[in-house]
Amino acid sequence: MASASPVVQGLHLMAKPVGPICNLDCSYCFYLEKEQLYPPRERFRMSDEVLRAYIQGYIAAQPSPEVEFTWQGGEPTLLGLDFFQRAVTCQREFGAGKVIRNTLQTNGTLLDDEWCAFLAREGFMVGLSLDGPREVHDLYRPDKRGRSSFDAVMAGLNLMKKHGVQFNVLVTVARDVANHPLEIYGFLKAQGVRYIQFNPVVERLPGAADVNQGLSFATPPELRLHAVDEPGVVTAQSVEPERYGDFLIAIFNEWVRHDVGDIHVMNFEWALAAWCQLAPSVCLFSPRCGKAAIVEHDGNVYSCDHFMYPEYRLGNLNEDDPATLLASPAQQAFGAAKETTLPTMCRQCDYRFACHGECPKNRFMTAPNGEPGLNYLCPAYKKYFRHLTPYMNAMAQLISHGQPASLIMQAFDGPLIVPLKPAR
């Protein structure tokens with residue numbers, strides 16, 4: 001491994017130790033097709049050599065006293081519990097007195113008592129992919145034989161509750177999922193879920209070059225070269241912009257009346273942070289990106305998991321340390337492009353402070369003035385932020401006076417005080 005270089009502040013390197021391999025066959029998953037970018041007999045399993053290089057280099061690169069490891073896939077539990085036991089042992093070896101935290105994103109279908117006892121004992125925060133009640137969840141999340149995965153996911157959820165595992169639920173909002181906002185929210189509340197995140201599905205249909213590589217979705221270079229201005233160019237699973245806005249608003253209306261401070265919907269908390277003039281905690285709504293790269297099973301590091309293509313390969317952990325790769329000119333340019341390519345319509349938008357153009361992968365539309373780079377979800381966010389403004393102003397005002405944001409719920413028994421404009 002190369003010698004240490006100057007540390008990149010806020011470095012985050014998410015691991016994909018099993019690459020794109022998964023036991024489910026979710027039709028909206030953008031990562032499953034990455035298998036086509038490897039040789040036919042590729043062994044999608046992070047070796048112990050790469051594991052040690054990742055853990056040692058990642059800990060050494062962090063300036064803070066806490067280091068968070070994030071494990072995703074594919075489905076990372078396919079590697080078996082032994083892999084993660086070795087990972088934890090390795091973290092202790094190279095921990096250097098730092099507090100080590102782990103998060104694991106999983107579909108939950110392979111969790112059993114042994115897994116959950118380990119996750120609880122080691123303090124893992126688990127993100128569980130669950131799209132709602134059976135009829136909603138099974139719209140897009142079958143197993144490899146086309147069968148329902150709902151019962152297996154719910155078994156995993158209940159085992160985590162039994163063992164006291166810390167977990168949140170990730171709901172992937174595909175086109176038809178967006179038709180069921182209150183059913184999904186009510187179901188998750190009934191299951192005792194207290195931390196929820198909603199992720200929209202936005203994927204373009206592939207061009208000829210993509211099809212030749214066996215890909216089902218358009219690659220990022222094509223996203224930047226061709227604007228989308230006609231219907232049918234996004235996949236059938238992609239959420240419709242206005243419907244996504246309506247989805248978030250419907251859940252927000254329920255949350256702001258009954259659940260502030262009790263149910264933590266990350267989408268709403270991100271917005272509240274913006275109205276409180278705090279720095280964004282997620283790359284999605286940051287002015288720039290580039291600080292959240294990924295390491296694949298073979299040690300290759302890419303700019304982002306949405307940009308896991310050869311053009312965005314930064315290096316390999318067997319040869320380079322993470323700080324060097326994230327400080328590289330290529331990654332710095334990748335991160336800065338989010339801000340420098342922002343169209344005029346976004347620069348002049350009242351909600352730029354809360355959105356910053358969202359994810360670059362979704363910025364393939366043409367603005368009304370003909371300028372490229374408008375986000376596909378722009379209509380959703382404008383509608384959503386416009387609706388949120390009076391409530392967010394009120395909650396930000398409460399917080400600024402040392403009061404809990406949950407007091408907003410009392411306003412529904414009387415008039416809601418609405419400041420004139422969002423805080424900047």
Are side-chain N/O atoms of N316 and N300 paired as donor and acceptor at under 3.5 Å? yes
Answer with yes or no whether the side chains of T106 and E75 bring together a donor and an acceptor at under 3.5 Å. yes
For R313, is there an ion pair with E296 - N to carboxylate O distance below 4.0 angstrom? no
In this structure, is the centre-to-centre distance between the rings of H264 and F268 below 6.0 Å? no
Apply salt bridge (charged side-chain N to carboxylate O under 4.0 Å, His left out) to residues D151 and R134 and explain how you reach the verdict. CA-CA 8 Å; D151 288 338; R134 181 186 301 275; 2.5 Å; yes
If only atom types and distance count, is the side chain of K383 paired as donor or acceptor with the main-chain N or O of R243 below 3.5 Å? no
Between F307 and F334, does the ring centroid distance fall short of 6.0 Å? yes
Side-chain donor-acceptor pair under 3.5 Å between T103 and E68, yes or no? no
Close side-chain approach of E254 and I251, heavy atoms under 4.5 Å: no
For the atom pair OH (Y391) and CG (L272), what is the distance rounded to the nearest 0.5 Å? 14.5 Å
Evaluate the side-chain hydrogen bond (donor to acceptor under 3.5 Å, both in side chains) criterion for residues S286 and H356: first the C-alpha distance (whole Å), next the side-chain angles of each, then the deciding distance (0.1 Å), finally the verdict. CA-CA 6 Å; S286 297; H356 293 292; over 6 Å; no
More than 12 heavy atoms of other residues, nucleotides or ligands under 6.0 Å from CZ of F94: is that the case? yes
Take M125 and L104, measure what side-chain contact (heavy atoms from CB on, under 4.5 Å) needs, and give me the verdict at the end. CA-CA 6 Å; M125 169 60 76; L104 174 73; over 6 Å; no
Hey, mind stepping through Y376 and R204 against side-chain hydrogen bond (donor to acceptor under 3.5 Å, both in side chains) and telling me if it holds? CA-CA 10 Å; Y376 170 81; R204 280 194 59 205; over 6 Å; no
Considering all heavy atoms, the nearest L32-C26 contact: CD1-O, 3.8 Å
Got a sec, which residues hit ring-ring contact (aromatic ring centres under 6.0 Å, His included) with F84, two or more places apart in sequence or on another chain? W71, W115
Stepwise side-chain contact (heavy atoms from CB on, under 4.5 Å) test for S27 and Y140: CA-CA 6 Å; S27 58; Y140 298 101; 3.2 Å; yes
A53 to L317 - nearest heavy-atom pair and separation: CB-O, 3.7 Å
Sort out for me which residue in I184, T172, V173, D138 forms a side-chain contact (heavy atoms from CB on, under 4.5 Å) with D131. T172
Please verify the inter-ring angle class for W275 with Y351; under 30° counts as parallel, over 60° as perpendicular, anything in between as tilted. tilted
Closer than 4.0 angstrom, basic N to acidic O: yes or no for K189 and D259? yes
Taking the side chain from R257 and the backbone from N253, do they hold a donor-acceptor pair closer than 3.5 Å? yes
Cationic N near anionic O, under 4.0 Å, E66 to K98: no
Would you check if V282 and W270 make a side-chain contact, meaning some heavy-atom pair closer than 4.5 Å? yes
Can R52 and E93 be said to form a salt bridge (charged side-chain N to carboxylate O under 4.0 Å, His left out), step by step? CA-CA 10 Å; R52 287 180 65 84; E93 179 182 348; 3.0 Å; yes
Using side-chain heavy atoms (C-beta onward) and a distance below 4.5 Å, is Y58 in contact with L11? yes
L130 and L157, any side-chain heavy atoms less than 4.5 Å apart: yes
Distance col, row K338:NZ vs R363:CZ, nearest 0.5 angstrom, shows 7.0 Å
Considering non-hydrogen atoms only, spot the tightest contact between C276 and I399 and give its length. SG-CD1, 3.9 Å
On the six-membered ring of Y31, is K16 placed so that its NZ or CZ lies under 6.0 angstrom from the centre and within 45° of the ring axis? yes
Give a yes-or-no answer on whether the side chains of S149 and T109 include a donor-acceptor pair shorter than 3.5 Å. no
Are the side chains of V256 and I408 in contact, using a 4.5 Å heavy-atom criterion? yes
I'd like to know whether I196 forms a side-chain contact (heavy atoms from CB on, under 4.5 Å) with M266, so could you lay out the CA-CA distance, the side-chain angles of the two residues, the decisive distance to 0.1 Å, and finally the verdict. CA-CA 6 Å; I196 307 168; M266 301 315 300; over 6 Å; no
Do you know the tightest heavy-atom contact between Y381 and Y244? OH-CE2, 4.0 Å
Could you check whether N199 and Q197, counting side-chain N and O atoms only, form a donor-acceptor pair closer than 3.5 Å? yes
Test side-chain contact (heavy atoms from CB on, under 4.5 Å) on F187 and V136; report intermediate values, then the result. CA-CA 11 Å; F187 170 77; V136 179; over 6 Å; no
Carboxylate-amine/guanidinium contact D350 K382, below 4.0 Å: no
Between E203 and S238, do the side chains contain an N or O donor and an N or O acceptor separated by less than 3.5 Å? no
Under 3.5 Å: donor-acceptor pair, side chain of E122, backbone of R101: no
May I ask you to say whether R288 pairs ionically with E339, meaning some side-chain N is under 4.0 Å from a carboxylate O? yes
Enter the distance from C283:SG to K291:NZ here, rounded to the nearest 0.5 Å. 11.5 Å
Inter-residue atom distance L377.CG - C359.SG, 0.5 Å rounding: 10.0 Å
So how far is it from M46 CE to Y54 OH, rounded to the nearest 0.5 Å? 7.0 Å
Just by distance, no angles: are the side chains of D143 and N23 close enough, under 3.5 Å, to form a donor-acceptor pair? no
Quick one, L119 and N102 - any side-chain contact, counting heavy atoms below 4.5 Å? no
Should the ring pair H387 and F252 be called parallel, tilted or perpendicular, given that the plane angle runs from 0 to 90° and is split at 30 and 60? perpendicular
Report the distance from atom OG of S148 to atom NE2 of H137, rounding to the nearest 0.5 Å. 6.5 Å
Where the side chain of E371 meets the backbone of T344, is there a donor-acceptor pair that is under 3.5 Å apart? yes
Note: L388 and A271 closest approach over all heavy atoms is CD2-CB, 3.8 Å
